[in-house]
Asker: 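Questions regarding the structure given below will be posed in turn.
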Amino acid sequence: MNVLFSEKLIRKRVTEIADQISSDYKDREVLIIGVLNGSFIFCADIVRNLVNMKFKMDFISLSSYSGMRSTKKIEVVSKFKENVSGRDVLILDDIIETGMTLDFITKEVISKKPKSVRTCVLIDKRCMRKKDVSIEYVCLEMAANMGDDFVVGYGLDYNGCFRGLPYICKLKEFVR
Ligand code: IMP
Ligand code: MG
C-alpha cells in the first residue's frame with residue numbers, strides 16, 4: 001500500500017495547524033464553519049487541539065462531486081445556521097482543487113458581513129487551482145510530483161466509501 005500521508009504525519013500537521021490557529025485567535029471567539037461531508041474528521045481533530053480561544057461550530061453541506069468527477073455545479077445541501085455578521089469566521093474544508101468550492105463558501109460568508117474570514121484546508125492540490133482563493137492554513141500539500149490523483153481516507157470519500165481510513169492514499173490503490 002502506497003500511503004500518501006500517514007496517520008502519524010496527519011496527526012503532527014493537524015496539531016501544528018491547531019496550535020497556529022490557537023495562537024492567531026488567542027482570547028478571541030471564532031465561528032468555525034466546517035464543510036461537510038469530507039471535513040468531519042479533520043474538524044473534530046482540529047477543534048480538540050484548540051487552546052486559549054473560544055469557538056462555536058457550524059457546518060455547511062455541499063455537493064459538487066459525483067464519483068471522481070466534479071459536476072462543476074455546487075449544490076447547497078444544507079446551510080450554516082449561525083449569524084455570521086460581525087464575527088471572526090474560520091472555514092474548514094477537506095481538500096481544495098480548482099478552488100470553486102472554497103470560493104463559493106467564502107463569498108457566501110462575506111455577503112453576510114463578518115468581521116474577518118480565513119480558510120483552512122486539510123489538503124491543497126495546488127496544481128489543479130483555477131480560482132484565486134486565499135488559504136491561511138494548509139495542513140498537507142500535494143506536491144506536483146505526487147500527481148493530481150483522486151485521494152481517499154481521513155474523511156475523504158469515493159462515492160461515500162473509504163472515509164474511515166486513518167491515512168490518506170490514492171483511490172487507485174484500491175481500484176485497479
Ligand atoms: P474544488 O471545488 O475543485 O476545489 O474541489 C474541492 C471539493 O471537491 C472538495 O471539497 C472535495 O469534496 C472534492 N474533492 C476534490 N478532490 C478530491 C479528492 O481527491 N478526493 C475526495 N474529494 C475530492
Ligand atoms: Mg468537500
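Order of listing sets the numbers, starting from 1, for every ligand and every atom in it.
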Asker: Could an N or O of ligand 1 be found under 3.5 Å from any N or O of Val152, whether backbone or side chain?
Answerer: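 N/O-N/O distance below 3.5 Å does not exist for this pair.
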Asker: Is the cationic atom of Arg118 (NZ for Lys, CZ for Arg) positioned less than 6.0 Å from the six-membered ring centroid of Tyr25 and within 45 degrees of its normal?
Answerer: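 Geometry flag: set, cation within 6.0 Å and 45°.
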Asker: With a 4.0 Å heavy-atom cut-off (strictly under), which part of Met128 contacts ligand 1: side chain, backbone, both or neither?
Answerer: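 Looking at Met128 and ligand 1, no heavy atom falls under 4.0 Å.
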Asker: Taking non-hydrogen atoms only, is Val35 closer than 4.0 angstrom to ligand 1 via side chain, backbone, both or neither?
Answerer: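 Near ligand 1, Val35 shows nothing, with every heavy atom at 4.0 Å or more.
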Asker: Does a salt bridge link Glu173 with Lys170, judged by any charged N lying under 4.0 Å from a carboxylate O?
Answerer: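 Here Glu173 does not pair with Lys170 in a salt bridge, since their nearest N and O are not under 4.0 Å apart.
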Asker: For the side chain of Thr101 and the backbone of Ile74, is there at least one donor-acceptor N/O pair under 3.5 Å apart?
Answerer: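 Side chain of Thr101 to backbone of Ile74: no pair is present.
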Asker: Could you work out, for atom 1 (P) of ligand 1, the closest of Val151, Thr98, Leu122, Leu156 by heavy-atom distance?
Answerer: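 Going through Val151, Thr98, Leu122, Leu156 one by one, Thr98 has the nearest heavy atom to atom 1 (P) of ligand 1.
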Asker: Quick one: does any side-chain atom of Ser6 pair with a main-chain N or O of Leu9 as donor and acceptor, under 3.5 Å?
Answerer: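 Yes.
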Asker: For ligand 1, which atoms have a heavy atom of Asp157 less than 4.0 angstrom away?
Answerer: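 Ligand 1 atoms under the 4.0 Å threshold to Asp157: 21 (C).
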Asker: Leu171: heavy atom below 4.0 Å from ligand 1, yes or no?
Answerer: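 Distance cut 4.0 Å: Leu171 fails for ligand 1.
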Asker: Could you tell me the separation between the CG atom of Asp93 and the CG atom of Leu62, rounded to the nearest 0.5 Å?
Answerer: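 That separation rounds to 8.0 Å.
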Asker: Can you tell me which portion of Asp94 lies within the under-4.0 Å heavy-atom range of ligand 1? Options are side chain, backbone, both, or neither.
Answerer: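 Side chain only; the backbone of Asp94 stays clear of ligand 1.
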Asker: Run the contact test for Arg129 against ligand 1 with a 4.0 Å cut-off on heavy atoms, strictly below, and give the result.
Answerer: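 It does not, in that no heavy atom of Arg129 comes within the 4.0 Å cut-off of ligand 1.
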Asker: Would Gly99 count as a contact residue for ligand 1, given that I'm defining contact as a non-hydrogen atom of the residue lying under 4.0 Å from a ligand atom?
Answerer: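 Distance cut 4.0 Å: Gly99 passes for ligand 1.
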Asker: Of the options Ile21, Leu90, Leu31, Val47, which is the one that meets Phe55 in a side chain to side chain contact (heavy atoms under 4.5 Å, CB included)?
Answerer: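 The passing option is Val47.
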Asker: Are side-chain heavy atoms of Val35 and Asp94 found at a separation under 4.5 Å?
Answerer: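 No; the side chains remain at least 4.5 Å from each other.
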Asker: Donor-acceptor check, side chain of Arg126 to backbone of Ala144, threshold 3.5 angstrom: yes or no?
Answerer: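 Side chain of Arg126 to backbone of Ala144: no pair is present.
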Asker: Show the atoms of ligand 1 that are less than 4.0 angstrom away from any heavy atom in Asp93.
Answerer: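 In order of numbering, the contacting atoms are 10 (O).
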Asker: Please identify which atoms of ligand 1 are closer than 4.0 Å to at least one heavy atom of Met100.
Answerer: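 Those of ligand 1 that fall under 4.0 Å from Met100 are 2 (O), 4 (O).
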Asker: Do any nitrogen or oxygen atoms of Thr101 come within less than 3.5 Å of a nitrogen or oxygen of ligand 1?
Answerer: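 Looking only at distances, the answer is yes, because the N/O contact criterion of under 3.5 Å is met.
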